[in-house]
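Heads up: the structure comes next, in structure tokens.
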Amino acid sequence: MEKIKCECGHVNPEGTVLCEACGKPVEGNQHIDGNDKRKLLNMRYDGSARRSQTYNKSIIDKTWNFFSSVKVGVWLIVLALTASAIGTIFPQEQYIPADATQDPSIYYEAQYGILGQIYYQLGFHNLYGSWWYMLLIAFIGMSLVISSIDRFVPLYKTLKMQKPRRHDTFLKRQRLFSETEHVSSDEKKKLVSGLKKQRYKVWEDNGHVLAEKGRFSRWGPYVNHLGLIIVLIAALMRMTSFMYMDEYVWVREGEQTVIPGTDKEYYIENKDFILETYDKDDERFKNAIEKQGNVAKNYQTNAVIYKEQGDDVAGADPDLKKVTEDSIRMNEPLEFDGYTLYQSGYQQNEFKRMSFKIHKTDDPEEASLGSFSIDLTDPKETYQLDNGFQVGVTQYYPDYELQEEEPASKTPYPRNPAFVFTIHPPGNEEPETSFVGIGKNIDATGENDYKLGIEDFETRYASGLSVKRDYTLPLFIIGAVIFMIGVSQGMYWQHRRIWLHPKGEGILVAGHTNKNWFGLRQDIERMIADTNVNMVQDQQETE
Amino acid sequence: MDSLINVSSAMLYTAFILYLIATFFFGATIRDKNKNSNKGVGISGKIGITLTIIGFLAQIVYFITRWIASKHAPVSNLFEFMTFFGMALVFAFIILYFIYRLNILGLFALPIAIIVIAYASVFPTEVAPLVPSLQSNWLYIHVTTVSLGEAILSISFVAGLIYLIRQIDQSVRSKRTIWLEVVLLSIFIFAGFSIISTAFNVSGYSAEFEYSVNGTTQTTDYHLPPIAGPNEGELLTGDRMNPLFEAPGWMKGVDAARKFNTVIWSVITGLILYGLARLILRKRVGAFIQPFLLKAKPDMLDEISYRAVAIGFPVFTLGGLIFASIWAQEAWDRFWGWDPKEVWALVTWLFYAAFLHLRLSKGWHGEKSAWLAVGGFAIIMFNLVAVNLVLAGLHSYA
Ligand code: HEM
């Protein structure tokens, strides 16, 4: 590395544009910050030696320079922004209606025509999980890290090295500048005390003054980028199943079931599910409810959580100990031992028990010849009736529907139960087959002597709970907090510096800030109050 | 109870009128001759800001009384939300006014707030019960913070717009003058929507249609005469005009045709208003306003536009991304779900991040920066209006 020695005696690293100590432009390096073409100095990074502006030979240099360029960074941001927006034109795959019977490959075309088909074929229906979207985000992450290091390190050093005594070209080429011919030493003292009164930190060296305020605000961007990086890392970790577990469980009223994703360690019992709607007669909402119909007020599962004790002996009943008992409501999840349960769905009117009676097909009174009851969670193969009838359950469809002309069950849950029964009448009459469901009673042969009718049934709620364990949340929170600290410190404070430089009888005044020049001018106005020192000119306007 | 709601509505109305009057006082400051008085803001300016503050307080009273009456923070349907956004706009204007004391800002910021409030009042104003997912304090915190952030960012647009009108060369027609007219026209269209909807609402117009979506029969109630009717729909209400044409078949969403019809009406009304303005003024609207703005210093406008982003960006991040995530985590067990509304918050955020980087590192000041401020506002309005009405997601209020 070639060091550069300035006339003030300070030794600067290679690539320095303005001497770290006195701010004198380093000959031969002015093109780096574009100072050779302008009157004013580019003060963005105080003329410090940035790696990206100094080396451009090896492949490493070139990669570094690519990612540290703000131009590249902005392009990446604009691409991410555009892609994100495109993803909202049609719903993403996860948002197409759950009961859409169609496959996504058909759904998009059926719903949105040719545009929908193109959308699907380009993979935009799953845009945010696509490899190229993730790659884009990863590039933004790289860019954040590299561009921040590229600037932070040299800038930090330079601001540490700066001396109160600055070269006069440095002052003259600042945006805010003035020169005053005659200034008394009394007035000079007034300037300094004026600065101190405004809570500037003041360094003096033989009449040369550096007053500085809010340097910490200069680190704002680097702090906020750090926060963003932490968030991105957290998002990456969340893709692993160890850090993030996401399961779903249905549990029926009065039942108890193992909680998935907990290694069979935890069980949940649903004591009661409550669904409340708003009272139609409530004065407050009368008008709105009249207009839009009933509105749900509360979904709630009263749950008990148990933990398995001791070893899990295969086949043995689990030995359970109560962990907690509480209600789970929307916006009020239940937390226990690192897991969280969210009220996430419910199923109304799931059948629990159904009872049937047998009667003669040609009996208009439908007088009962005997009845039996099926526990739908555990249907038996045959039911023996008191009067000698025997009914066999040949087929059971818990959630019956016709799929391509064939009877089938849409889900394994008894939401629309249907049966194929075989009736063995007493004596040695021929067995008869019939199909019975809600509102359906089909006799395939048309010659049955007996008919089965639904006599009674019992329904209950099933509660859908999502089960999460997310170790990445704290990291997201830390990232977000750091980001907010960073943007606030960068946006609500500014790094202001004022230099005073004695020249003969008079004085040069210059000022620089990274933003809010209006505020800096006010500070300088207050500093020169009651003196005849000239107000600084904004040299950018006159340039 | 009812009386409290009445007080509340009266206060909102008062605020609306006060903002209107205040606009005229800010307008009068243009005629203030004492150009050299950089300090004081002049008597008209003082009256203007005083009226604005009184109006703002009236709107606070509206907000609090409605809160008490409905027992939840009134930010839970489109009417309440847009009204709150209007209030936040006024608040953001007051903050920036006291930093920079620029009267002309009021002349543009207040009308925008007025249009927003008028827009809000087109939606159902009944106090509505909250579905379980909306019963969360985090929701209120999220919604209020995000609209405050968006309001501050909107002031950046206001300053940017003034900058553009003042600076763009109007002596010849150019791409820039045309784009500027497009921006102004879209404000007319917005106003057109409020005017036409209010007019037909007052007259009580209603026409019911029956049509089918995915095989199920639905009805929809038009409050504006149907220029575009539902695809293969049938008019149920007697003695109403028949649609001039049917909405295209690919507009499938619930009520898509009705929304499309509303858009057509707004555009027509906006175009008529704009056309009248052009006829009366006999020049581009931008060219007409320009001479009134000569007193404003361009670099001051540029500074305000940037400062508003600097102040608004962190607030927006906090409300639109962070608080939003906390609420989503509590309500839907995931803090981020790529719901359209969430994505558009991200788009807004990325856009302003790009704005800041371009300004800081590429030196995009002045006109370029002003155009970006306009673009940012367009995205915000898209998120507030179009995403709610067109790309329905979990947040689809109304
Ligand atoms: C999407 C994410 C990003 C956000 C939210 C973000 C945010 C910010 C903010 C708020 C600032 C301060 C701006 C100001 O003070 O006006 C800043 C500065 C900066 N950002 Fe980013 N940034 C992002 C991505 C990037 C990327 C991808 C790069 C890559 C080149 C980058 C490079 C920089 C640089 C070089 C600065 C200036 C630092 C300085 O002057 O000290 N940022 N960023």
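Chain letters run A, B, ... following the sequence lines, proteins first, then strands; residues in each count from 1. The basis for the numbers below is simple: all heavy atoms, side chains too, and nothing from hydrogens, waters or symmetry mates.
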Can you tell me which portion of A/Ser344 sits under 4.5 Å from chain B's heavy atoms? Options are side chain, backbone, both or neither. side chain
Least distance between heavy atoms, B/Val347 atom then A/Ala85 atom: CG2-N, 4.0 Å
Part of A/Gln522 within contact of chain B (heavy atom distance under 4.5 Å): neither
Report yes if some heavy atom in the side chain of B/Gln329 is under 4.5 Å from a heavy atom in the side chain of A/Leu473; otherwise report no. yes
Using every non-hydrogen atom in the two residues, find where B/Leu350 and A/Ile77 come nearest and quote the distance to one decimal. O-CG2, 3.4 Å
A/Thr472 side, atom OG1; B/Phe335 side, atom CZ - distance, nearest 0.5 Å: 5.5 Å
Heavy-atom distances under 4.5 Å only: say whether B/His365 touches chain A with side chain, backbone, both or neither. neither
A/Lys71, part contacting chain B, at a heavy-atom distance under 4.5 Å: both
A/Phe518 and B/Arg307, any side-chain heavy atoms less than 4.5 Å apart: no
Measure distances from A/Arg238 to the heavy atoms of chain B and classify the residue's part below 4.5 Å as side chain, backbone, both or neither. side chain
Selection residues 346-355 of chain B - residue pairs positive for side chain to side chain donor-acceptor pair (under 3.5 Å), sequence neighbours left out: B/Thr317-B/Trp349
Who wins among A/Pro221, A/Gly87, A/Ala296 for the most heavy-atom pairs under 4.5 Å with chain B? A/Ala296
Could you tell me whether the side chain of A/Trp517 reaches within less than 4.5 Å of the side chain of B/Asp299, counting heavy atoms only? no
Given that the side chain runs from C-beta out, which part of A/Tyr278 has a heavy atom under 4.5 Å from chain B: side chain, backbone, both or neither? side chain
Going by heavy atoms in the side chains, are A/Thr88 and B/Trp338 under 4.5 Å from each other? no
Pick one of side chain, backbone, both or neither for B/Leu318, based on which atoms fall under 4.5 Å of a heavy atom in chain A. both
Identify which part of A/Ile86 has an atom lying under 4.5 Å from any heavy atom of chain B, answering side chain, backbone, both or neither. neither
Heavy-atom check, side chain of A/Asn516 versus side chain of B/Glu303, under 4.5 Å: yes
Closest non-hydrogen atom pair, A/Ser84 against B/Val343: O-CG1, 3.2 Å
Would you mind checking which part of B/Leu346 comes under 4.5 Å of any heavy atom in chain A, side chain (CB onward), backbone (N, CA, C, O), both or neither? side chain
Looking only at heavy atoms, the pair that brings B/Glu330 and A/Pro333 closest together is O-CD, 4.2 Å
Output for pair (B/Arg334 CZ, A/Tyr244 OH), nearest 0.5 Å, gives 9.5 Å
Would you say A/Tyr492's side chain and B/Ile311's backbone share a donor-acceptor pair under 3.5 angstrom? yes
Tell me, side chain or backbone of B/Val315 under 4.5 Å from chain A's heavy atoms, or both, or neither? both
Looking only at A/Thr82, A/Asn331, A/Leu81, A/Val487, the option with the highest number of non-hydrogen pairs under 4.5 Å against chain B is A/Asn331
Within the 4.5 Å heavy-atom criterion, are B/Leu360 and A/Arg44 side-chain neighbours or not? yes
Among A/Gln343, A/Met330, A/Lys468, which one satisfies side chain to side chain contact (heavy atoms under 4.5 Å, CB included) with B/Asp333? A/Lys468
